[in-house]
K.L.:
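Can you keep this structure in mind? I'll have questions shortly.
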Amino acid sequence: MKKTKLNKKPHKTNKTTKQVNKFSWLYYFVILLLPFLLYNNTISHDYAYDDHVIILDNPVVQKGIAGIPTLFKNAITFRGKSRVIYRPIAYTTHALEWQFFKDNPNIGHFVNILLYTIAVLLLFRFLLLLFKDQPPLFAFLITVLFTIHPIHVESVANIKGRDDILCLIGFLMSVIAFLKYLDTRSTKWAVYTVLGYAFSFLSKEIAIPLMAVYPVIIYFYTKDNWKIVFKRKGIIAVLALIFLIPTGVYLAGYLLGNLKASNIYNLIDNPMLGAETAGERWGTTIYVWVYYLKLLFIPYPLVYYYGFNHISLTNFADYRVWLSIIAVGLLAFYAIRELRKKSIIAFGFLFYAITFSIFAHLVLGAAIVAERYLFMPSLGFCIVIIALLFQYGGIDHKKSLTKQSLKAKVLLGLLFLAYLVGAFITIDRNKDWKNNLTLYANDIKWIDGASQAHSNLAIALIRKDSEGNKEKALSHFEKALAIYKSPSNHRVLGEAYMQFRDTENAKDQFQKALKLNPNGRKTHLKLGYTYYTDRLFEDAIRHLEKAFELNYVEEKTYYFLARAYCRKANPTATDYKRAIELLLSGKNKYPDNIDIQKDLGRVYTLSVNYQKAISIFKEMEKKTPNDKDIVEGLFKAYTGLGQLEQAEVYKQKLQ
C-alpha cells in the first residue's frame, strides 16, 4: 500500500480534488465554531487553581498597563520564590485585562476561547501548507481532533493556561512563515519566522525545544540534499537567530539578576525527587512516558494534580515498567523505520518527541505529570493518528464519502464517534474548573491518595465557609498529613487553625513544620503572626526577623514587626530605632500603605522625635484630613512638643 509522505511536489489536481477544495470554507467555518461550542460553558467561571498565583496574587499584573515594563524586565514571582518563569507576553494580556476590567474572570475565559480559536485556525493553515500533497480533509481531521481533545481543558478552561495557547499561536505563525520562506526565499518571511518564534518564546519558555522543529520541517518539506540546504546562508541565519532568542534572553536575565533559578519543586510535586536508586529514578521515568500516552488515548479521568502520592515511585521489578519499555521500544522502532521514508507518521512522532522532551524528566524538576504539558505534544499525537488512518484505513481521497470502501467507512465512523466522545468529555470536564472548590471536590475521588489534593480541598472549604466546613476541612488536613508529613502540610494546617482562632494548635503545627524544615520561610512568618496575636512579642520578633533574614515578607510584616518592637515589655531606644528602620523601609517599598505611615508617625512620637512625627502626619493629612488616627497622632505629637495651641486645634477635631 502506498505510504503517506510529505513531498515538495503537490498532488495532481483532478475533478474530485476540486470538489473537495470547494468545501475548504466549510472546514474553516467548523474550526471557527468548535472552540466556542466546546468551551462556552467556561465563560461564567471564576478564577481557579493557578489563576490565583498568576493574577489575583500578582501585584505587578494588578498594576495594569503600568506593570507591563516590569513584566518584560523581570521574571515573575511564583509561590514566593524567584524562578525562571519569564512569560511577559502572556502576563501582559492579564495586566491589560486587569487595567480595563479589573478582577472579572469572565473576560479572561472569553479571551482564552478566542485565542484558542485563533490557534486552531492557524493550525489548519499550517497543516494545509505542510501537507500540501494531501487533501484538505486530512488537515481538517487533524485540526478537529486537536481542537476537541479533552487533554486541552486545563489550558483553555484555566485562565492561566493562556500561556500555552499564546505559545502555540506564536509558533504556528512562525512555522507558517518558515514554510513560505522555504518556497520563496523572501527576507520578509524570514523576519516573520523569527518574530513569530520570539512571540512564542516570550509567551512561555516551553518554546525552547521547538527550535528543533525547524530542521525537521526542512528535512521533510524539501527535496534537496542537507548539504545543499545548509549552504544557503539565509536558512543558517534564520536558525541561528531562533537559537539566539532564548539564549540572549536568559543570558541577559542572569547578568541582570532577574532570572536566577530557584527550584520550587519538591517531593509533593514530583515523587521522583525522592528516588533513592537509579532503578527507581529511570523506572518511574519510563512508566511516566507511557502514562502520558495513556492520557492521550484515554483522557479519563482527568485531574488537576498528579503528584505525591497519586503516581508513586516504581522500579524495574514492576511489570508495568517492562510493559512501558516494550511499548516505547516498539514505537521508537516504528518511528525510525518511518523516518527513512519521510512519512507523515515519522513527522508526527518527531514533533511529539521534540515538544515532549522538556517534560520527559531527563532532568528532574517539573511536576511529575500535568495535563497542560501535553498541550503542544498532543499535536504530534493527532498527526500520527490521522496519518495512520489514511495510510492503513483504505481511505481514498479521490472518492466521496459514500463511495469509500467498507473498511474506510467503518474507520471514519469510529473516528466520528471518538470526536463525539471527546467533545462530551471536554464539555463535561469544563464544569469542574468553575472554581477551586468545584475542581478540588470533584477530583478528590480520583486522587484520594494524593496528600496535596486533600490539603487543597481543605483550604477551599475553609475559604468557602470557615465555620460551617471546619470539621470537614480538618479531616482533609489530617488525611493529607497521614499520607505525607511534609512541612507545608503542617504549615497549612497551622494556617487553618489560625483561621479558626485556635492559636495553640496553630503554633503546634507551625513548630512541627519548623522541625522538619528549620528554614521554612513562610512558616516563620505565620508563626510570628501567631505569637503576635497572643501578645508574645519577643517570640513574634524572633520569627518575623527570621522571615526577613530569609527574604520572605509581606506588606503587613513591616508594621507587625515594628509594633512588636514597640509593644514588648520595656522597649528600649534600640527597639524604637529598629521599628523606625522597618517602617521607613516599608514606606519606601509600599508608598501607598497608610498603616505603615501611621505607625511610623506613632513610633516617632514614642521615641520623642515629635518634629518627624508631625512631618509624617502632616503629609498624610493633606490626603485624608479627617482621618481619626492622623488627627490623634498630630494631637499627641504637638502636645509632646509643647505646642499646646496647635494641640488644642486637633483636640477639638477629635471631639
K.L.:
State which residues pass salt bridge (Lys or Arg N to Asp or Glu O under 4.0 Å) with D448; sequence neighbours excluded, sorted by chain then number.
P.N.:
K479

K.L.:
Is it the case that Y304 and N456 place a side-chain donor and acceptor less than 3.5 Å from each other?
P.N.:
yes

K.L.:
Over all heavy atoms of both residues, which pair between V153 and R429 is shortest? Give the atoms and the distance, please.
P.N.:
CG1-CG, 3.6 Å

K.L.:
Would you say K180 and K188 make side-chain contact, with heavy atoms under 4.5 Å?
P.N.:
no

K.L.:
Under 4.5 Å between any side-chain heavy atoms of W289 and F356, yes or no?
P.N.:
yes

K.L.:
List the atom of P377, the atom of Y352, and the distance in Å for their closest heavy-atom pair.
P.N.:
O-CD1, 3.2 Å

K.L.:
Heavy atoms only: give me the nearest S343-F220 pair and the separation to one decimal.
P.N.:
O-CE2, 3.3 Å

K.L.:
Can you confirm whether Y419 is buried at OH, in the sense that more than 12 heavy atoms of other residues, nucleotides or ligands lie under 6.0 Å from that atom?
P.N.:
yes

K.L.:
Sub-3.5 Å donor-acceptor pair from the side chain of N158 to the main-chain atoms of A48, do we have one?
P.N.:
yes

K.L.:
Between the side chains of S324 and R320, is a donor N or O closer than 3.5 angstrom to an acceptor N or O?
P.N.:
no

K.L.:
Side chains of F110 and F36: does their closest heavy-atom pair fall under 4.5 Å?
P.N.:
yes

K.L.:
In Å and rounded to the nearest 0.5 Å, what is the CG to CD distance from D164 to E154?
P.N.:
8.0 Å

K.L.:
Which side-chain N or O atoms in residues 120-131 pair as donor and acceptor under 3.5 Å with protein atoms at least two apart or in another chain?
P.N.:
none

K.L.:
Do L295 and V369 have side chains that get closer than 4.5 Å, going by heavy atoms?
P.N.:
yes

K.L.:
Is the shortest heavy-atom distance from the side chain of N436 to the side chain of H52 under 4.5 Å?
P.N.:
yes

K.L.:
For the backbone of I148 and the side chain of H152, can you confirm whether one donor and one acceptor N or O come within less than 3.5 Å of each other?
P.N.:
no

K.L.:
So, do T426 and Y39 sit near enough that their side-chain heavy atoms are less than 4.5 Å apart?
P.N.:
yes

K.L.:
Just so I know, are the side chains of V175 and L210 near enough to count as touching, which here means a heavy-atom distance under 4.5 Å?
P.N.:
no

K.L.:
Testing the 3.5 Å rule here: is there a donor-acceptor pair between the side chains of Y392 and K407?
P.N.:
no

K.L.:
Will you find, in the side chains of Y116 and S155, an N or O donor that is under 3.5 Å from an N or O acceptor?
P.N.:
no

K.L.:
So do the side chains of Y192 and M173 get within less than 4.5 Å of each other, counting heavy atoms only?
P.N.:
no

